[in-house]
Amino acid sequence: MPIRFHNTLTRRVEEFVPAVAGEVRMYHCGPTVYSSPHIGNFRSFLLGDLLRRYFEWKGLRVLQVMNLTDVGHLLDDAEEGEDKLEAAAQKAKKSAWEIAEHYAQEFFAALDFLGFKPAHHYPRATTHVPEMIAMIETLEDQGVAYRVPSGNVYFDIAKFPAYGRLSGNTAEELEAGARIEVNPEKRDPRDFALWKIDPRHQMQWDAPWGRGFPGWHIECSAMSKKYLGESFDLHTGGEDNVFPHHECEIAQSEAANRKPFVRCWMHVRHLLVDNTKMSKRLGNVHTIEGLKEKGRSGDAIRIALQKAHYREPLNFTLAGLDEAEKKLARYRDLAERLKTDGAGGDALTAAASAEAETQTATAGLALRFDQALAEDLNVSVAFAVLDEAVTEANRRAPRGADALAWLKLLRELWSIFGLLEKSLESAVLPDGSILKLIEEREAARKARNFARSDEIRVLLKQRGIELLDGKDGVRWRRA
RNA sequence: GGGGGCAUAGCCAAGCGGUAAGGCAACGGAUUGCAAAUCCGUUAUUCCCCGGUUCAAAUCCGGGUGCCCCCUCCA
């Protein structure tokens, strides 16, 4: 079935057709590493992870790149304003380099905690300055960049008529806004910096225009070209990136390469927390590390951040996270039951010998799940199908090969959302003393000695083991 | 000030012209030594408000109201 995505470029949902059949090349705007990554960042990054998992499930080969912005950038093109990375460095009495490295590590730790499939490349701006310089030189050769006496180099908007196509920010509209600082260096207020000279900066590189540092936008143009080529299929980021960042990337890349840049642009709506915008002032900025310390699971965070469509508002709350934990417990219980009832067989092979009715039912659910995601990633419907599959598997209480067939389906669907990947594998058996207590309790129950039986239940609960009595004997799980 | 988006049950959230998915919570029932899990059922005459188009509107159009995003190197 065709996959359809909303393309910011056309403002429509349209069929997604990769340049090379069976292969997807995509680039995600990653974090600026000057502070702890928060859940808002990860709503955006999770779109990339979902795309990756969905494409691979569909049998497409994926090449995935996410950049790390670790170069400081001035807040505006005038001489005022603070550089966030350098400001953070000053505050922490560390160098900008140390700050960037510190937060880069925190970012990778968060990716790991949330169970991201690692992208194939995580290029950093600081290690790709030569590529950026080369691209700026090309832009100069093409006559679309100009240098001013201060040494700064700007992109010449007048030479790229398509500027504004992505964001809809035409010259007239920007002027109407009247919020553009007049920078006398520039030929047009919309011109943006490619290379900047500012001796106050800690991070400096030698370049044909003098020792300085690159403009913000050029890094993504240079790095995507290096790892994905001059044209590629998908580019994602937060909605705030549409303008000016992505608008400028298109201008640079297409002007330098003389080729169409990206086929499809996807932008993620900003996350709300407690129904309002996240801000340090309100104290509602949740970092992944902070949630981890509070004992929240990566899987629950994944559900909370992926349960609404990426272009719709999504409200994050701690109560929502509780709800997600319950959903996970339900999933996990079912998986354990299916594993037990599948009698330890190999799900992948045994599922094939399940009854015809099971095959039909599971295939039907998988198809509906696929159809939901194929229509611009309708995750709400996908989750509805998944929950229906869970109810169905509970209701049927399948055995043997049928149990394994259901388990196989559920694992597939869970894995698209990146759920239950680690926890299902790492179910460690309780130690001997616990097993002995469980046996003793079984004996007591047979003898209808419920006093002792309940005593053992409490005892084990204190050791973190919860017992579940069922028709076919006792099961346990970590409480 | 200019541009864009969203408003659906107590909460989260699909549907986008044909008569309101799913989840959480709540309540009733089945099962159960206890506990948990699980299953079944009930819960929006109605989709922010006011007009309009249509045989038919939560869905389209106009006007309000509220919130969000961009125009500030914040995902």
Side-chain angles (χ1 to χ4, degrees), chain A residues 11 28-32 34-35 37-48 69 71-77 81-85 167-170 172-181 190 192-193 215-217 219 236-245 247-248 267-272 275-279 303-304 307-309 311-317 319-320 322-324 326-327 329-330 333-334 336-337 372 378-388 390-391 393-397 445 448-451 453-454 457-458 461 466-471 475 477 479:
Chain A
R11 288 174 185 72
H28 313 301
C29 270
T32 303
Y34 65 86
S35 65
H38 56 70
I39 49 175
N41 298 314
F42 281 92
R43 180 185 194 191
S44 167
F45 304 155
L46 275 168
L47 171 70
T69 297
V71 180
H73 294 287
L74 282 176
L75 213 57
D76 54 46
D77 289 325
E82 66 170 0
D83 175 307
K84 299 226 168 150
L85 221 165
S167 61
N169 282 337
T170 62
E172 305 77 60
E173 277 165 1
L174 284 171
E175 275 161 29
R179 280 179 65 175
I180 296 171
E181 288 289 323
R190 296 170 297 162
F192 54 91
W216 176 39
H217 313 300
E219 67 177 63
T236 74
E239 61 180 326
D240 56 306
N241 282 148
V242 176
F243 189 90
H245 187 50
E247 194 74 76
C248 296
H267 291 99
V268 181
R269 180 77 182 262
H270 272 195
L271 182 71
L272 300 178
N275 258 318
T276 183
K277 155 187 197 172
M278 238 189 304
S279 80
I303 291 179
K307 68 181 177 182
H309 185 85
R311 281 187 294 109
E312 295 292 324
L314 168 60
N315 185 29
F316 181 93
T317 61
D322 289 338
E323 196 180 296
K326 276 182 204 157
K327 193 187 272 282
R330 175 172 152 88
D333 276 354
L334 173 60
E336 289 300 330
R337 210 171 304 130
N378 192 334
V379 291
S380 300
V381 169
F383 263 117
V385 173
L386 169 53
D387 285 328
E388 200 180 305
V390 169
T391 299
N394 272 320
R395 200 177 63 74
R396 292 174 182 234
R445 287 185 70 212
R448 303 196 69 77
N449 180 357
F450 295 123
S453 163
D454 289 348
R457 172 187 287 288
V458 172
K461 182 97 186 201
E466 189 180 5
L467 296 178
L468 310 166
D469 296 323
K471 275 183 190 149
R475 290 189 308 112
R477 71 171 179 206

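Every chain is numbered from 1 and lettered A, B, ... according to where its sequence line falls, protein lines coming before strand lines.
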*Report the distance from atom CD of A:E323 to atom C1' of B:G22, rounded to the nearest whole Å.*
11 Å
*With the side chain of A:D240 defined as its heavy atoms from C-beta on, choose the nearest nucleotide among B:C74, B:C6, B:C11.*
B:C74
*OP1, OP2 of B:C69 versus side-chain N and O of A:K277: anything below 4.0 Å?*
yes
*N/O donor-acceptor pair, side chain A:N41 with base B:C74, under 3.5 angstrom*: no
_Rounded distance in Å - CG (A:N241) to P (B:C74)_ = 10 Å
*Select from A:V381 and A:R448 the residue whose nearest nucleotide in RNA chain B is closer to the 5' end of that strand.*
A:V381
*If you look at every strand shown and take non-hydrogen atoms under 4.0 Å, does A:G237 touch a base, only sugar-phosphate, or nothing?*
sugar-phosphate
*State the pairing partner of B:C39; accept Watson-Crick or G-U wobble contacts with both distances under 3.5 Å, and report none otherwise.*
B:G29
*Which part of the nucleic acid, if any, lies within contact of A:H309, taking any heavy atom under 4.0 Å across all strands shown: a base, the sugar-phosphate backbone alone, or nothing?*
sugar-phosphate
_Minimum-distance nucleotide to A:P244 side chain [options: B:C6, B:C73, B:A21]_ = B:C73
*Checking only heavy atoms, does the side chain of A:R43 share a donor-acceptor pair with the base of B:A75 at less than 3.5 Å?*
no
*Candidates B:C69, B:G5, B:C34 - which lies nearest the side chain of A:R457*: B:C34
*Short side-chain to backbone donor-acceptor contact, A:R337 and A:A397, under 3.5 Å*: no
*B:G15 phosphate, OP1 or OP2: any side-chain N/O from A:N378 under 4.0 angstrom?*
yes
*Would you call A:H270 stacked on B:A75, i.e. ring centres under 5.5 Å apart with the planes less than 30° off parallel?*
yes
*Between B:G22 and B:G29 - P atom distance, rounded Å*: 23 Å
_Side-chain N or O of A:R311 closer than 4.0 Å to phosphate OP1/OP2 of B:G5_ = no
*asked:* If you only use heavy atoms from C-beta on, which nucleotide in B:A37, B:C34, B:C68 is closest to the side chain of A:R337?
replied: B:A37
*Remember a base hit wins even if backbone is also touched, and classify A:T391 as base, sugar-phosphate or nothing at under 4.0 Å, heavy atoms.*
sugar-phosphate
*Can you tell me how far C1' of B:C11 sits from CG of A:L272, to the nearest Å?*
15 Å
_Please find the pair of heavy atoms, one from A:A393 and one from A:L334, that lie closest to each other, and give the distance._
CB-CD2, 3.9 Å
*base_contact_polar (B:G15 base, A:S380 side chain, donor-acceptor, <3.5 Å)*: no
*What interatomic distance, in whole Å, is found between C1' of B:U8 and the corresponding atom of B:U46?*
9 Å
*Establish whether the base of B:C40 is bridged to the side chain of A:R395 by a donor-acceptor pair shorter than 3.5 Å.*
no
_If you compare every side-chain N and O of A:K461 against the phosphate oxygens of B:A36 (OP1, OP2), does one of them come in below 4.0 Å?_
no
*Can you name the closest pair of heavy atoms from A:N241 and A:C29 and give their distance?*
OD1-CB, 3.8 Å
*From B:C39, B:A37, B:C12, nucleotide with atom closest to A:N315 side chain*: B:C12
*Given the P atoms of B:C12 and B:U31, what is the spacing between them in whole Å?*
36 Å
_Spacing of the P atoms in B:G18 and B:G23 (rounded, Å)_ = 24 Å
_Rounded to whole Å, how long is the line connecting atom CZ of A:R330 with atom C1' of B:C39?_
10 Å
*Assign A:T32 to base, sugar-phosphate, or nothing according to its heavy-atom contacts below 4.0 angstrom with the strands shown.*
sugar-phosphate
*Taking atom P in both B:C50 and B:A9, what distance in whole Å separates the two?*
16 Å
*To the side chain of A:F450, which of B:C68, B:G23, B:G33 is closest?*
B:G33
*Under 4.0 Å between any heavy atoms, over every strand shown, what does A:F316 touch: base, sugar-phosphate, or nothing? Just pick one.*
nothing
_Heavy-atom closest contact (A:R445 atom, A:F450 atom, distance)_ = O-CE2, 4.2 Å
*Is there a donor N/O on one and an acceptor N/O on the other, under 3.5 Å, for the side chain of A:R445 and the base of B:G33?*
yes
*Using the P atoms only, state how far B:U45 lies from B:A21, rounded to an integer number of Å.*
13 Å
*Given the P atoms of B:C61 and B:C6, what is the spacing between them in whole Å?*
11 Å
*For the pair made of CG in A:D387 and C1' in B:C39, what is the distance, rounded to whole Å?*
15 Å
*For the pair made of CG in A:L468 and C1' in B:C34, what is the distance, rounded to whole Å?*
13 Å
*Name the orientation class of the two ring planes belonging to A:H217 and A:H245 (parallel below 30°, tilted from 30 to 60°, perpendicular beyond 60°).*
tilted
*How close or far is atom P of B:C68 from atom CG of A:L314, stated in whole angstroms?*
15 Å
_If I take atom NE2 in residue A:H267 and atom C1' in nucleotide B:A75, what distance separates them, rounded to the nearest angstrom?_
10 Å
*So which one's nearest nucleotide on RNA chain B is more toward 5', A:F45 or A:E388?*
A:E388
*Pick the P atom in B:A58 and in B:A7, then give their distance to the nearest Å.*
15 Å
*Side-chain donor/acceptor of A:E239 to backbone N/O of A:H270, under 3.5 Å*: yes
*With both distances under 3.5 angstrom, what nucleotide forms a Watson-Crick or G-U wobble pair with B:U65?*
B:A7
_Suppose we define a pair by two distances each less than 3.5 Å, Watson-Crick or G-U wobble; what does B:U54 pair with here?_
none
_Test item: A:T391 side-chain N/O and A:D387 main-chain N/O as donor-acceptor pair under 3.5 Å_ = yes
